[in-house]
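To find a chain, count down the sequence lines: A is the first, B the second, and so on, and within it residues start at 1.
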2 protein chains.
Amino acid sequence: MTVGRKCPVETTVDVTGGKWKPMIIYRLLDGPRRFGELRRLVGDPSQRSLTMQLRELEADGIVAREVFAEVPPRVEYSLTPFGQTLAPVLMAMRDWGVAFQERRLSTKG
Amino acid sequence: MTVGRKCPVETTVDVTGGKWKPMIIYRLLDGPRRFGELRRLVGDPSQRSLTMQLRELEADGIVAREVFAEVPPRVEYSLTPFGQTLAPVLMAMRDWGVAFQERRLSTKG
DNA sequence: CGGGATCCTCACAGATACTG
DNA sequence: CAGTATCTGTGAGGATCCCG
């Protein structure tokens with residue numbers, strides 16, 4: 001990640017940037033999800049992309065990965081307590097997204 | 001931008017994504033800035049990159065551009081009232097960035 | 001089902017040079 | 001000073017195949 005000593009906003013971008021990360025975190029706020037389940041929820045990225053984003057989030061202590069010794073294999077992802085502290089960010093983003101979408105209806109698109 | 005009817009979080013990512021956009025908006029929360037001034041503040045992107053990000057933010061109604069007929073030329077960028085509604089998002093990001101940086105000091109480096 | 005290994009590509013960011 | 005126009009590269013992300 002190599003965050004370094006920069007503006008805190010930039011730091012957050014480094015951690016939550018990535019094409020799917022915000023959606024992943026947002027969805028995991030509702031509780032643990034299996035890999036395939038999560039994949040569908042966030043908009044169907046490639047396996048590789050989802051895996052990589054999850055690994056990075058894991059490395060940053062945002063997401064926890066739990067492997068169940070079952071057949072068929074099951075892997076669950078969840079937010080760590082620290083990951084949950086991102087809730088305000090995601091909620092703010094969600095709220096603003098709603099406002100933006102509504103605005104596109106009133107002003108000219 | 002082609003936002004379409006998707007998850008509000010994704011919508012916000014579409015608008016505020018981009019490598020420099022969060023920093024641009026964050027800096028403009030303090031008031032209008034000239035092009036070169038803004039450029040230095042956000043971490044010295046290329047002129048082209050900054051221009052493109054600003055144009056997109058303009059198109060989305062986040063940023064206003066004012067050209068002064070002076071010599072030397074002066075162009076000021078500021079947040080529109082609507083752009084200011086992004087303040088909560090940026091503040092949440094800033095706050096979380098601080099927490100993350102502090103966490104890196106306590107947990108393993 | 002989850003995901004590692006490979007290969008690919010294309011969007012986006014940087015560098016440079018020129019203009020009003 | 002604040003751009004525009006090209007040209008170039010880099011790497012995040014997609015497609016595919018294979019494996020436990």
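A distance-only check finds no donor-acceptor pair linking the side chain of B:T80 to the backbone of B:A64 [under 3.5 Å]. A donor-acceptor contact shorter than 3.5 Å is absent between the side chain of A:R39 and the backbone of A:S46.
At the phosphate of C:dG14, OP1 or OP2 sits under 4.0 Å from a side-chain N or O atom of B:K19. Phosphate contact (OP1/OP2 of C:dG14, side-chain N/O of B:S49, threshold under 4.0 Å): present.
Taking atom CE of residue A:M52 and atom C1' of nucleotide C:dG4, one finds them 11 Å apart after rounding to whole Å. A:R33 has its CZ atom 18 Å from the C1' atom of C:dG2, to the nearest Å. Atom CZ of A:R65 and atom P of C:dC1 are 17 Å apart (whole Å). Going from atom CG of A:L50 over to atom C1' of C:dG3 covers 10 Å, rounded to whole Å.
For B:Y26 and B:W20, the distance between ring centers is not under 6.0 angstrom.
By the 4.5 Å heavy-atom criterion applied to side chains, B:I62 and B:L86 are counted as neighbours. Residues B:Y77 and B:I24 form no side-chain contact, since every pair of their non-hydrogen atoms from C-beta on lies 4.5 Å or further apart. Put simply, the side chain of B:L54 does not reach to within 4.5 Å of the side chain of B:R65, judged on heavy atoms.
Within 4.0 Å of A:Q53, counting heavy atoms only, lie sugar-phosphate atoms of the nucleic acid but no base atom. B:Y77 comes within 4.0 angstrom of sugar-phosphate atoms only, judged by non-hydrogen atoms across all strands, and of no base. In this structure, A:R39 reaches neither bases nor backbone, as no heavy-atom distance under 4.0 Å exists between it and the strands shown.
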All N/O contacts under 3.5 Å from nucleotides 5-9 of chain C to the protein, with atom names and distances to one decimal?
{"unit_1": "C:dT6", "atom_1": "O4", "unit_2": "A:R48", "atom_2": "NE", "d": "3.1"}

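For the pair A:P73 and A:R34, the tightest heavy-atom approach, listed with the atom from each and the gap, is O-NH2, 3.3 Å. Of all heavy-atom pairs spanning A:L79 and A:I25, the tightest one is CD1-O, 3.9 Å.
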Exercise for review: Starting from the C-alpha separation in whole Å, work towards a yes-or-no answer on side-chain contact (heavy atoms from CB on, under 4.5 Å) for B:T85 and A:F100.
Suggested key: CA-CA 10 Å; B:T85 65; A:F100 182 85; over 6 Å; no
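Protein chain A contacts DNA chain D over a range whose 5' and 3' limits, counting nucleotides with an atom under 4.0 angstrom from a non-hydrogen atom, are D:dG13 to D:dG20.
Nearer to the 5' terminus of DNA chain D, by closest-nucleotide assignment, is the contact made by B:L54 (compared with the other of B:L54 and A:W20). Where A:P73 and B:P45 meet DNA chain C, the nucleotide closest to each residue was compared, and A:P73 sits on the side nearer the 5' end.
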